Amino acid sequence: MGIMKKSYITTAIPYVNGVPHLGHAMDYLLADTMRRYLVRGGEEVRLQAGTDEHGSKVFQKAEASGVPVEKFVDENAKKFQDFIHALGVEYTDFVRTTDPEHERRCQEIWVKLGKYIYKDAYEGWYCEGCEGFVTEKEYEENNGVCPDHQKPYVRLSEENYYLRIADFKERMRSAIENDEMKITPAGRKKEFLNLLVDMPDVSISRPKKQLSWGVPVPGDDTQVMYVWIDALANYITVLGYPDKDISEWWPAEVQVIGKDILRFHAGIWPAILMGLNLPLPKNLLTHGYITVNGEKMSKSVGNVVDPRVVLDKYGVDAFRYYFLRHVSTMEDADYSDEKYESAYNELANDLGNLVQRLATLCVKGEMTGQTMIERQRDDKFDELMGKYEFNVAFDYVWAKVQGLNKKIDTEKPWELVKTDPEKLVMVLDSLVSEILGVADLLEVFIPETAKKIVEIFSAEKIVPPETSLFPRTR
RNA sequence: CGCGGGGUAGAGCAGUCUGGUAGCUCGUUUGGCUCAUAACCAAAAGGUCGUUGGUUCAAAUCCAACCCCCGCAACCA
């Protein structure tokens, strides 16, 4: 056996301003599915997760709730960690941007990027009440007066540090075009390449008086890092950069992101990496949004679905089943309670019932369990997983589940019990071996259930589970 | 003339890049089965593929024009 191949997978780090969201769940599920798939193929995989904890919004929110900001972010980081665990997602590394090690490493990265950073003035409309700038569009919509403070905006200019994106544009474009850094799906790649043409240099700091809760800019007491370097660098600081040689793990095999943050991960992040002379990630896997009953989730409409509530409804594997099979890996997709329930019924009817009936038949045939001796290669499955079409791959596995139900009907083992005990054993033997093969594939998507199936059909004596895998709810 | 996504069976979708008998899941109807969770299996019904025109032996697919729906300020992934 040679040395195990090593792969690194990352998830976007959520801003701890809010609570876990269905979008975060997609990040974690996709990354975890890929991780399980690679591990199944014999690779050693590190999966990063983390939280983005700086910024004035977090600071203000902590103040408003009367909690010290350190405690506030501790509590919120914990919420996300609990959530990730509840999803059955197993990360190997967790990074918090307020971790002193991360902060120190960010400062070192800033220094290394020195020659691509310059200072310039930002000029815009500013509200003295909000202590913040507004966009030109907001200015026009509010007719030049801040609606919160009834004060007219003033034209103000402030000093910011900028990262010179222009220096890297050409290399970024070619890396994306020739899939050196592959953006999936292809449509988003095109979309971003268009966007890249006009991409301006990016402001990477704020005056300290405006943004106190953040990483100080090295060598300038008056400035604090704005989100970009602080947040994006997490992917490598968690590996130990720049203290450690990270070439074992970096470049990442895949970085999972939502479609809204593609521009930062395809535009700013590669600039940082190039500035540090580090290779670009091999893949950016971009997923869509989840809508609810066909509508965009929004706090003001009040239709935000709390994933933790959904999770509690039928358990973690039902959740994973829905969001990995019935939600397109890359495109937007819809959630509704009705659809969720109907998906649960599929689990119960197709898979739960299959396990139940096959185990019962095995009792009649007095079957002993099998251990899987050799994993079968499955080219079709590998092809789909390789394209990150997880939902299609899941469909493909599900067809195997349905195929087993068909096979039982065709072979009629319950008749063989009376007529042909020898053939019965043969038939059941092959069914057991096939269901173990299916369970092996299912482990990638619904690990808890897969494990139960393996336990049942590899036991010394096969018996149906005491409680069915997915009990009916109505 | 802003940008993007979409319009295929009652519902949700695939197929469009690379033209060749229109497919999947759910639902509906009928039948089968009784090992199983009112499950499972089989068969059937159901579509002028948004509209119009063009290219072609052949168009859901390629080309052109048009119509309709949904996103694109902020909270928010």
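All figures in this text were calculated on a predicted structure; none of them were measured in a lab. Here is how names work: the chains are called A, B, and so on, in the same order as the sequence lines, proteins then strands, and each is numbered from 1.
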If we call it a pair only when both distances are under 3.5 Å in a Watson-Crick or G-U wobble match, what pairs with [N]?
{"N": "B:C40", "result": "B:G32"}
{"N": "B:G23", "result": "B:C13"}
{"N": "B:U48", "result": "none"}
{"N": "B:G2", "result": "B:C72"}

Short side-chain to backbone donor-acceptor contact, [X] and [Y], under 3.5 Å:
{"X": "A:Ser336", "Y": "A:Lys339", "answer": "yes"}
{"X": "A:Thr286", "Y": "A:Lys259", "answer": "no"}
{"X": "A:Lys182", "Y": "A:Lys282", "answer": "no"}
{"X": "A:His102", "Y": "A:Thr98", "answer": "no"}

Which part of the nucleic acid does [X] contact within heavy-atom distance under 4.0 Å: base, sugar-phosphate only, or nothing?
{"X": "A:Gly23", "answer": "base"}
{"X": "A:Thr360", "answer": "sugar-phosphate"}
{"X": "A:Lys418", "answer": "nothing"}
{"X": "A:Gly18", "answer": "nothing"}
{"X": "A:Asp332", "answer": "nothing"}
{"X": "A:Phe470", "answer": "base"}

When you compare [N] with [M], how far apart are their [atom1] atoms, in angstrom units rounded to a whole number?
{"N": "B:U16", "M": "B:C76", "atom1": "C1'", "answer": "34 Å"}
{"N": "B:C24", "M": "B:A65", "atom1": "P", "answer": "36 Å"}
{"N": "B:U18", "M": "B:A64", "atom1": "P", "answer": "15 Å"}
{"N": "B:G53", "M": "B:G6", "atom1": "C1'", "answer": "23 Å"}
{"N": "B:A22", "M": "B:C63", "atom1": "C1'", "answer": "22 Å"}
{"N": "B:A11", "M": "B:G46", "atom1": "C1'", "answer": "13 Å"}
{"N": "B:C26", "M": "B:U21", "atom1": "P", "answer": "25 Å"}
{"N": "B:G32", "M": "B:G15", "atom1": "P", "answer": "38 Å"}

Ring geometry between A:Tyr340 and A:Phe323 (parallel below 30°, tilted from 30 to 60°, perpendicular above 60°): tilted
Parallel, tilted or perpendicular, as decided by the 30° and 60° cut-offs, for the rings of A:Phe390 and A:Tyr388: perpendicular
Taking atom [atom2] of [N] as reference, at what distance in whole Å does atom [atom1] of [X] sit?
{"X": "A:Asp350", "N": "B:U37", "atom1": "CG", "atom2": "P", "answer": "15 Å"}
{"X": "A:Phe394", "N": "B:U25", "atom1": "CZ", "atom2": "P", "answer": "16 Å"}
{"X": "A:Glu331", "N": "B:G7", "atom1": "CD", "atom2": "P", "answer": "11 Å"}
{"X": "A:Arg357", "N": "B:C35", "atom1": "CZ", "atom2": "P", "answer": "11 Å"}
{"X": "A:Glu411", "N": "B:U34", "atom1": "CD", "atom2": "P", "answer": "16 Å"}
{"X": "A:Asp260", "N": "B:A73", "atom1": "CG", "atom2": "P", "answer": "13 Å"}
{"X": "A:Lys339", "N": "B:A11", "atom1": "NZ", "atom2": "P", "answer": "12 Å"}
{"X": "A:Lys406", "N": "B:C41", "atom1": "NZ", "atom2": "P", "answer": "6 Å"}

Closer than 4.0 Å, any side-chain N/O of [X] to the OP1 or OP2 of [N]?
{"X": "A:Asn353", "N": "B:C35", "answer": "no"}
{"X": "A:Lys412", "N": "B:G32", "answer": "no"}
{"X": "A:His21", "N": "B:C76", "answer": "no"}

Side chain of [X], heavy atoms from C-beta onward: which of [options] has the nearest atom to it?
{"X": "A:Ile408", "options": "B:C75, B:C35, B:U37", "value": "B:C35"}
{"X": "A:Glu346", "options": "B:A77, B:U25, B:U37", "value": "B:U25"}
{"X": "A:Gln402", "options": "B:C76, B:U25, B:U37", "value": "B:U25"}
{"X": "A:Arg472", "options": "B:A77, B:A38, B:C35", "value": "B:A38"}
{"X": "A:Trp414", "options": "B:U37, B:C76, B:C35", "value": "B:C35"}
{"X": "A:Gln356", "options": "B:U37, B:C41, B:A77", "value": "B:U37"}

A:Lys364 or A:Ile290, whichever maps to the more 5' nucleotide of RNA chain B: A:Lys364
Candidate pair A:Phe394 and A:Tyr321, rule ring-ring contact (aromatic ring centres under 6.0 Å, His included), full reasoning: CA-CA 9 Å; A:Phe394 205 158; A:Tyr321 177 77; 5.4 Å; yes
Salt bridge present between A:Glu177 and A:Arg173 (N-O < 4.0 angstrom): yes
